[in-house]
Number of protein chains: 2
Amino acid sequence: MSSALDDLSRINLGDQVYERIAKALLTGQMRPNDKLTIRGLSERWGVSTTPIRDAIKQLTQEKVLEQRSPKDVRVPVMTQAMYLEILQIRLHLEGLAAERAAERATPQDLRDLRKLLNRNDKAADRQNLALATAGNQEFHLSLSAVADMPTLQKILKGLWLQMGPLVACYYDMQPPGLNALHHEVIDAMQDKSPDRARLAIQKDILSAKPALLDQITTLRTGLRDPAEAL
Amino acid sequence: MSSALDDLSRINLGDQVYERIAKALLTGQMRPNDKLTIRGLSERWGVSTTPIRDAIKQLTQEKVLEQRSPKDVRVPVMTQAMYLEILQIRLHLEGLAAERAAERATPQDLRDLRKLLNRNDKAADRQNLALATAGNQEFHLSLSAVADMPTLQKILKGLWLQMGPLVACYYDMQPPGLNALHHEVIDAMQDKSPDRARLAIQKDILSAKPALLDQITTLRTGLRDPAEAL
DNA sequence: ATTTGATGCATGATGCATCAAAAAATCTTG
DNA sequence: CAAGATTTTTTGATGCATCATGCATCAAAT
């Protein structure tokens with residue numbers, strides 16, 4: 001299960017810190033507008049400054065973290081424009097991934113995906129937020145894995161990370177339910193219907209749109225500058 | 001003209017080194033299979049190890065450079081599979097950029113783009129490879145700029161960097177000519193025809209496909225391991 | 001009371017020393 | 001002469017000291 005994590009102690013510290021920050025963003029342990037400092041995380045996690053600096057630099061470059069000023073790096077507050085842009089990109093790219101995945105999926109791939117979906121459904125039933133959000137993301141990314149498109153997967157991973165804090169905040173108050181559309185994607189893949197698979201995943205992506213737009217407004221008004229309270 | 005470059009001395013060294021390596025890749029000064037070492041570049045360019053390390057780390061993470069083993073970072077040799085994957089992604093994303101650009105382009109945008117194309121045509125006439133390749137790339141990226149989609153542009157920039165060494169090798173022996181399809185893209189934008197703009201840019205992207213596939217085969221046979229020469 | 005300027009602290013950038021791992025070169029042995 | 005073992009060299013990762021800069025705080029002047 002943790003084939004990639006077993007070697008965690010072997011790979012370099014910077015990457016470990018990267019994953020740690022990524023996880024914190026995805027699970028809502030780091031919230032929009034939170035400030036990150038090299039020395040702060042260094043002391044908190046007992047790691048020297050260099051690996052922390054590496055990780056923050058990379059995340060900043062990927063736009064997962066935002067550099068507001070030379071010494072002020074924060075978890076970005078998603079704007080509506082940014083969300084809508086990411087949405088368009090995802091519709092195209094995840095649609096592409098679903099198509100190709102439908103063309104290439106092996107019986108084993110389909111079994112694995114169904115197993116994953118069952119796990120997600122159970123997590124949703126039990127209101128296990130962390131597992132449900134992680135599972136949801138894993139499903140979306142696994143399409144590009146089945147499609148055998150590593151470059152595409154890397155791009156999508158980045159986009160998911162950017163949306164991470166927003167989604168985490170949302171699930172925080174509005175836990176996810178079962179996801180029929182995910183099952184429809186797999187059914188389409190099993191029928192070798194790229195078009196249906198694409199449409200299903202696109203519909204799934206769009207289904208979250210209204211709620212996330214709401215969440216964006218909530219966050220931005222909630223985090224409004226105290227000065228505006230006049 | 002160099003609004004973003006005036007502050008070059010102000011921004012951090014790591015980013016300067018990043019740009020320098022990027023330029024070297026795009027202009028063919030660094031070739032596929034070339035090995036990069038921190039200390040090597042450090043001495044060559046008179047910069048300390050830290051900024052070089054930063055730049056190489058970021059480029060490696062973006063898959064612009066390839067980490068073959070823990071201490072062996074190289075300019076990747078593009079595979080056919082990788083090229084075809086990037087091609088699919090670009091068809092979708094640059095198509096999207098062209099559509100949105102066509103919807104939003106202002107008269108000023110159109111003037112700027114035409115000016116750019118004229119410059120490119122002249123560069124092609126004069127067989128100025130460096131200018132022609134840079135200009136070609138600038139045109140493609142400017143579509144996402146006009147579309148006002150910064151996230152999309154960042155993704156496309158990364159993909160272009162990945163293809164950089166391949167394109168540089170190709171232009172090296174097969175200089176580019178005028179590009180009628182680029183003009184067609186702008187004409188479509190001026191007519192506010194997103195569909196035509198998308199089709200034109202997609203056609204342009206595909207027009208390079210056969211030649212680049214050839215180039216891939218050439219490179220891979222040319223760089224074949226000496227051991228195979230039995 | 002408000003604004004402005006000076007001072008000190010926090011912080012990122014950079015350079016460098018050290019260490020362990022990898023690679024290269026050299027030597028040994030069959 | 002070849003293949004393996006061993007030594008030497010190269011190299012990336014990490015930690016840390018230093019430096020320049022930005023920010024906040026506080027006091028003084030208006």
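Everything quoted here is computed from the prediction, not taken from an experiment. Labels below follow one simple rule: chain letters A, B, ... track the order of the sequence lines, proteins then strands, and each chain is numbered from 1.
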message: Can a side-chain donor-acceptor contact be found between A:Thr217 and A:Asp214 if the only test is distance below 3.5 angstrom?
response: no
field: Side-chain H-bond candidate by donor/acceptor type, B:Tyr83 with B:Gln215, under 3.5 Å
entry: no
Which whole-number value in Å describes the distance from [X] [atom1] to [N] [atom2]?
| X | N | atom1 | atom2 | value |
| --- | --- | --- | --- | --- |
| A:Gln58 | C:dG12 | CD | P | 17 Å |
| B:Leu13 | C:dT14 | CG | C1' | 8 Å |
| A:Arg74 | C:dT11 | CZ | P | 12 Å |
| A:Lys57 | C:dA13 | NZ | C1' | 8 Å |
| B:Asn12 | D:dT21 | CG | C1' | 14 Å |
| A:Asp72 | D:dC23 | CG | P | 8 Å |

- prompt: Can you list, by residue number, the residues of residues 61-71 of chain A that have a non-hydrogen atom closer than 4.0 angstrom to DNA chain C?
  reply: A:Pro70, A:Lys71
query: Just checking B:Leu36: base, sugar-phosphate only, or nothing, at a heavy-atom cut-off of under 4.0 Å?
result: sugar-phosphate
- request: Evaluate the side-chain proximity of A:Met82 to A:Leu166: yes if any heavy-atom separation is below 4.5 Å, no if none is.
  value: no
message: Can you list, in residue-number order, the parts of residues 37-54 of chain A that come under 4.0 Å of DNA chain D, counting heavy atoms only?
response: A:Arg39, A:Ser48, A:Thr49, A:Thr50, A:Pro51
statement: Exactly one of B:Asp15, B:Ile38, B:Leu13 clears side-chain contact (heavy atoms from CB on, under 4.5 Å) with B:Pro51, and that residue is B:Leu13
field: Criterion side-chain contact (heavy atoms from CB on, under 4.5 Å) against A:Leu25, the qualifying member of A:Val64, A:Asp34, A:Val167
entry: A:Val64
query: Angle class for the A:His182/A:Phe139 ring planes (parallel below 30°, perpendicular above 60°, tilted otherwise)?
result: parallel
Residues A:Asp54, B:Arg53: salt bridge by 4.0 Å N-O rule: yes
message: How long is the straight-line distance from NE2 of B:His140 back to CG of B:Leu159, given to the nearest 0.5 Å?
response: 12.5 Å
